[in-house]
Amino acid sequence: MTTVNVKKASYNWRVVDIVVAALIAIAGGVIFWAWSQGAALVSIPMNATYPPLTGLIAGGWMIPAVLGMLIIRKPGAALFCEAVAATGELIMGSQYGTTVLISGVLQGLGAELIFAAFRYRKFNLPTALLAGAGAGLFCGLNDSFLPWGWNIAYEAVDKLAYITFTTISGAIIAGALSWVATRGLAKTGVLSSFASRKAASEPVFS
Amino acid sequence: MRDAVNLRGNHALLTKANPLAKFVSVFLISLVLALSIDWVSASTALLAELAIFPLAGLTLRLLWQRAWPLIIAAAIGGWSTAIVAADSGAVVLDVGLWSISEGSLELGLGFMLRGLAIALPAILLMTCTDPTDLADALAQKAKLPHRFVLGSLAAMRLVGLMAEEWQTIGMARRARGVGSRGTPFQRIKATLGQSFGLLVQAVRRASRLAVTMEARGFGGGQRTWARESTYSMLDAWVLLGGAVIAAGAVLTAVGAGTWSFVWR
Amino acid sequence: MSATHSGTVRPAAITAEGWGWRHAGRAQAAVQGLDLRIEPGERVLLLGPSGAGKSTLLHALAGVLGDEEDDSDETGSLLIDGVAPREQRGRAGLMQQDPETQVVLSRVGDDVAFGAENLAVPREEIWERVHEALDDVGLRTAAGGGLALDHPTAALSGGQKQRLALAGILAMRPGLILLDEPTANLDPAGVLEVRDAVGRCLDKTGATLVVVEHRVSVWKDLVDRIVVLQPGSANAAGTGSVANGGVLLDGPPDQVLSEARTMLISAGVWVPGYVPATRQRRNEPPSAQLLLAAQDLAVSREKPRRKGFKTVPPVPVQTGITAQVRAGQALTITGPNGAGKSTFALTLAGLLAPVDGKVSAAVELSEGAGIDPYKWKAEQLISRIGTVFQEPEHQFVTGNVMDELMFGPKHLGHGEDRVDELLERLRLTHLVDANPYTLSGGEKRRLSVATVLAAHPKVLVLDEPTFGQDANTWAELASFLSELLDAGTAVVSVTHDQEFSAVLGGTELQMGPVQQGEATHQEAGAA
Ligand SMILES: Nc1ncnc2c1ncn2[C@@H]1O[C@H](COP(=O)(O)OP(=O)(O)OP(=O)(O)O)[C@@H](O)[C@H]1O
Ligand SMILES: Nc1ncnc2c1ncn2[C@@H]1O[C@H](COP(=O)(O)OP(=O)(O)OP(=O)(O)O)[C@@H](O)[C@H]1O
Ligand SMILES: [Mg+2]
Ligand SMILES: [Mg+2]
């Protein structure tokens, strides 16, 4: 008796999806925490000269959103990962207080909308870049226009500069890096139980 | 990273309140403070928060030890606002890109205090809240889907482990000849490699943890809770306290004439 | 689920008929054509070479193997009491090997309760079960640590964590207990603790047991049947005409062990009373060159912490360690779990900064790089001191085996010629294009040793090199190291494995438990 299962992608989250997504979000936090120790070297001169430049390193915070989705490939993954990452940051102690949760949800939403626009079917490099940019855009908007944003008091041109920087940073750091990381992970075989297990051999652009 | 702001063995009064009530209260204060950049509302709230510290088992010393990076970040936020915000009033400093006026200086100061007044209650919250209790409350009281809440909680427990893992991978790579010292470019490259190593380990551990959880019957529709998340009178006081601090901050600022709505 | 409510345990029966499983992304099946029947209440030790599919079978029995979404395949049938394992979560309780991922929640009580909660046991009954389970595994006796329900799970030793996992399983009242190498990480005392806890629980509940372990002697007296699995199709090269997968041998322990001793030995099983033959060491030179010395060393993994503007040095896990590493001589570090062996080894290897005291390299080793190994550049370090970590995966830095081996020599600009010899020697030649992360456990270990050796270090530091290895890989590794020793390399190894240190000979540094904070230094004859 050979059971021939129909293996098709399901939109239901399995336990392994949930736990891996959550841990990716958290590991992303750990990486960024380590990264930010080095980034402090960059961010202090940035702040001292032209503060909107800090938008250029903001992409690090949005890695969980894009990476989570590229690996799990289920609706809600970007939102969930970024929300968990924000919760993790809150528990760790965040300079943004509880408003970090709002930022997290919004950034996740920025990436999620892009993936949704492709109906959760495309996970190639352009999609990843766009999703990263989407997250970066929402991050910039949140920081510049919502009451709890740290850049709310900036002048309009500076806000525009900041938003441009976060969008670029989101596309490159969160988008491109996550895409490269997903391919690397797929090669190691650790993604064997996810829809992304063949990510390494998927075409780059289509 | 290894020790979150959370204090082990904390038996202060606020540890007994329901995490959800504490969260709502803190969130309310943060949102209300966010509406205005002025030093009066921010300092009022800040003073009230400092007064509540002992109830959460926190002292100034502990705060400084655990949260000094946040305090410095708030100061930097004030600085960047001071130099980027629109100038108004007499110019205090003007060197090339930088220009700080009296108006922007006041804004910067108000901004710094506001940042602190928003960050501190979150630290207060996490000091007197156990993540497990928070998860219990989120699943039982806020009715968030329990699989997601508990899955995240279990992953959260691995944070400390991941931080240790980060250090170990760093050493292991040094033993292979990959230095984390050198030119900035070399360092970035080394950090990226190390991050990748950590990700691989994270996915592996998470997959194994998921198996452990499933093997313990996790993932079904129904479950019971060994510990019930409950509300008590204390929670009413917590909510009231939050409302009083928020209202007090607004009223003093309006009274002093400094209240300035962010979206003027 | 009905059984869990009644509170008493109903032992489970297992039937496999032509069962097989292929993992997602694999060309070959891990298990094939397995026919097996295990009666309720039987206690079975499952043996087989690495890769035979033991873990796969246990996972299937626990109902956690694969699902609709990945592209794995199942053939035949595998049933518990006539029902598929997936349909009856909680009927079987599984303990995996890695103690870290056995713990789900951060408080002892919550963690034990977790399984019972998931099975929707009423609240009052959950707590009754938690207390009973903790008592049963002996975690509440003074000797077991006397743990309170709100004791943090992060602050447990490896052995305590394994017993906690056992308690979590017991609280589910499963009819079938599945243990996958439950003691591989533990020191000898921890091994006995866990085994005895399992024995007590089985005597009390009468549940069926299936345990997988490479070392037979520990479990021999507790089980009443041994089942040996065929090597899976993935490595069936040596088995000739025999069908892949399935059961090779089955019977009472003594009978299986005596009848099939040679066959088990050739399959790499650690049969009691058998030490694999290894290469003999030549006589050690009487006065070997001193290469590296630790003086009055205090060690910790933690870095000095910043408290506000102050820096506070970490609390050391071990203090006052003095040791010497000499060319062509072995130094073995032993002691209980958590004593600080690995921490010391890493400090000695120039990877961690000492909290106190110093590590100094002799001129013969440093060759102009300075006296303190911690200050050496990474490239200087690898050609002088090579460190092999306990977890091989931590050390992989490239995408395939060949690059991995060439990595060190390339950075140094010499030594590439030695790579082929290493590949040959450690039987990795057929794997040069494989991704290091996808290798089997034994292969990963051999690769991590090879990568470090490719840089030609004068001192080799190994953390638990033989852990989790079958007897064949073990013998190979031990012989290879003894050869290196004879060629003048100094070998420092952290190990719980007495046979291994006996093969290498040399000096033994015994570390006491952490509380004493003292390391005792003694000479051990090369027995
Ligand atoms: N999750 C997985 N995905 C793909 N292949 C797997 C997976 N788990 C195991 N395998 C493969 O299935 C085969 C059997 O592995 P399994 O872990 O069951 O062996 P084992 O008998 O437990 O070996 P060991 O003694 O080394 O633990 C191996 O070839 C292994 O590489
Ligand atoms: N990354 C880390 N950060 C801080 N402390 C750690 C870290 N790793 C281990 N420890 C602690 O340091 C102590 C010594 O650990 P170490 O790993 O050196 O012990 P060990 O003797 O090698 O034990 P084992 O036999 O279990 O490998 C332990 O109490 C452990 O809890
Ligand atoms: Mg196994
Ligand atoms: Mg160790």
Side-chain angles (χ1 to χ4, degrees), chain B residues 2-3 8 61 64-66 68-69 130-132 135-136 150 153-154 156-158 160-161 164-165 167-182 190 193 196-197 200-201 204-220 222-228, chain C residues 59 62-64 89-90 92-94 96 98 100-107 109-110 113-123 126-127 130 152-154 168-169 172 301 307-308 346 349 351-352 377-379 381-382 386-387 389 391 393-397 407-408 411-412 437 451-452 455:
Chain B
R2 241 195 132 187
D3 47 4
R8 184 166 290 153
R61 238 184 71 129
W64 174 248
Q65 282 174 4
R66 280 155 199 273
W68 63 270
D130 184 289
T132 314
D136 277 342
L150 291 177
L153 179 70
M156 215 67 92
R157 204 190 63 79
L158 296 183
L161 218 60
E164 277 169 26
E165 196 103 344
Q167 191 201 11
T168 308
I169 294 173
M171 289 190 290
R173 293 171 62 86
R174 175 164 145 81
R176 288 298 314 282
V178 189
S180 54
R181 313 165 192 181
F196 182 73
V200 174
Q201 294 305 324
R204 270 183 196 274
R205 289 230 189 228
S207 306
R208 278 199 294 246
L209 181 63
V211 169
T212 301
M213 293 175 75
E214 278 195 282
R216 300 244 194 116
F218 183 70
Q222 267 196 342
R223 89 192 292 273
T224 47
W225 299 87
R227 282 193 297 150
E228 194 180 6
Chain C
H59 282 106
V64 294
R89 289 263 171 89
L94 168 72
Q96 293 185 86
D98 177 14
E100 265 334 314
T101 42
Q102 292 302 292
V103 178
V104 179
L105 295 172
S106 53
R107 284 183 282 216
D110 295 359
F114 183 73
E117 290 179 312
N118 292 326
L119 299 178
V121 176
R123 181 171 300 138
I126 292 181
W127 289 113
V130 169
T153 47
I169 291 168
M172 292 165 43
R301 290 218 205 208
K307 282 196 164 182
L346 293 171
L351 297 170
L352 278 173
K377 291 207 191 83
E379 303 90 70
L381 185 69
I382 56 171
T387 313
F389 279 60
E391 187 69 58
E393 287 188 6
H394 283 146
Q395 283 185 288
F396 297 151
V397 292
F407 189 83
H411 271 238
L412 292 171
Y437 287 102
T451 53
V452 167

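By convention in this document, chain letters (A, B, ...) are assigned in the order of the sequence lines, proteins followed by strands, and residues within each chain are numbered from 1. Note that these values count all heavy atoms, side chains included, but never hydrogens, waters or copies made by symmetry.
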Rounded to the nearest 0.5 Å, what's the gap from CG on B/Asp130 to CG on C/Asp110? Could you check?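 Interatomic distance, B/Asp130 CG to C/Asp110 CG, rounded to 0.5 Å: 8.0 Å.
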
Starting at CZ of B/Arg223, measure out to CG of C/Leu119 and round the result to the nearest 0.5 Å. 9.5 Å

Is there side-chain contact between C/Leu94 and B/Val211, with at least one heavy-atom pair below 4.5 Å?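 Yes; the side chains approach each other to less than 4.5 Å.
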
Is C/Gln96 in contact with chain B via its backbone, its side chain, both, or neither, using a 4.5 Å heavy-atom distance?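 Side chain only.
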
Under a 4.5 Å heavy-atom cut-off, does chain B meet the side chain of C/Leu105, its backbone, both or neither?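 Both backbone and side chain.
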
Residue B/Leu209 versus chain C: region with a heavy atom under 4.5 Å: both

Chain B heavy atoms under 4.5 Å from C/Leu412: which part of the residue, side chain, backbone, both or neither? neither

Within this structure, what is the CD-CG distance for the pair B/Gln167 and C/Leu352, rounded to the nearest 0.5 Å?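 That separation rounds to 6.5 Å.
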
Close side-chain approach of B/Thr212 to C/Gln102, heavy-atom, < 4.5 Å: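 In short, these two side chains touch, coming nearer than 4.5 Å.
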
Sole residue of B/Glu165, B/Arg173, B/Gln201 in side chain to side chain donor-acceptor pair (under 3.5 Å) with C/His394: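 Going through the options one by one, the only one that passes is B/Glu165.
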
Determine, stepwise, if the pair B/Arg205 / C/Thr101 fulfils side-chain contact (heavy atoms from CB on, under 4.5 Å). CA-CA 7 Å; B/Arg205 289 230 189 228; C/Thr101 42; 4.3 Å; yes

Contacting moiety of C/Tyr437, where chain B heavy atoms sit under 4.5 Å: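 C/Tyr437 touches chain B through backbone and side-chain heavy atoms alike.
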
Shortest non-hydrogen contact from C/Glu117 toward B/Ala226: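 Residues C/Glu117 and B/Ala226, closest heavy atoms: OE2-N, 2.6 Å.
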
Heavy-atom cut-off 4.5 Å, strictly under: side chain, backbone, both or neither for C/Ala92 against chain B?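 The backbone, not the side chain.
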
Looking only at C/Gly168, C/Ala113, C/Gly63, most heavy-atom pairs under 4.5 Å shared with chain B are made by C/Gly168

Among the listed options C/Thr387, C/Val104, C/Ile126, the residue most often paired with chain B at heavy-atom distances under 4.5 Å: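 The option with the most such pairs is C/Val104.
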
Under 4.5 Å from a heavy atom of chain B, the part of C/Leu351 involved: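 When you check distances to chain B, atoms from both the backbone and side chain of C/Leu351 fall under 4.5 Å.
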
Measuring heavy-atom distances to chain B, does C/Ala116 have an atom under 4.5 Å in its side chain, in its backbone, in both, or in neither? backbone

Does any non-hydrogen side-chain atom of C/Thr153 lie less than 4.5 Å from one of B/Arg157?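 Yes, side chains in contact.
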
What verdict does the salt bridge (Lys or Arg N to Asp or Glu O under 4.0 Å) test give for C/Glu393 and B/Arg204, after you've listed the backbone C-alpha separation in whole Å, the side-chain angles of each residue and the deciding distance to 0.1 Å? CA-CA 11 Å; C/Glu393 287 188 6; B/Arg204 270 183 196 274; 3.1 Å; yes

If every non-hydrogen atom of B/Arg176 is compared with every non-hydrogen atom of C/Val397, which pair is closest and at what distance?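 For B/Arg176 and C/Val397, the tightest heavy-atom pair comes out as NH1-CG2, 3.9 Å.
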
What part of B/Arg208 gets within 4.5 angstrom of chain C, counting heavy atoms only: side chain, backbone, both, or neither? both

Would you give the length of the straight line joining atom CZ of C/Arg89 to atom CD of B/Glu214, rounded to the nearest 0.5 angstrom?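 The CZ atom of C/Arg89 sits 4.5 Å away from the CD atom of B/Glu214.
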
Identify the two heavy atoms, one from C/Ile382 and one from B/Ala175, that lie closest to each other, and give their separation to 0.1 Å.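 Scanning both residues, the minimum pair turns out to be CG2-O, 3.1 Å.
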
Give, as side chain, backbone, both or neither, the part of C/Val103 having an atom under 4.5 angstrom from any heavy atom of chain B. both

How long is the span from the CD atom in B/Glu228 to the CZ atom in C/Arg123, to the nearest 0.5 Å? 4.0 Å

Is C/Phe114 in contact with chain B via its backbone, its side chain, both, or neither, using a 4.5 Å heavy-atom distance?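 For C/Phe114, the contact with chain B is made by backbone and side chain together.
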
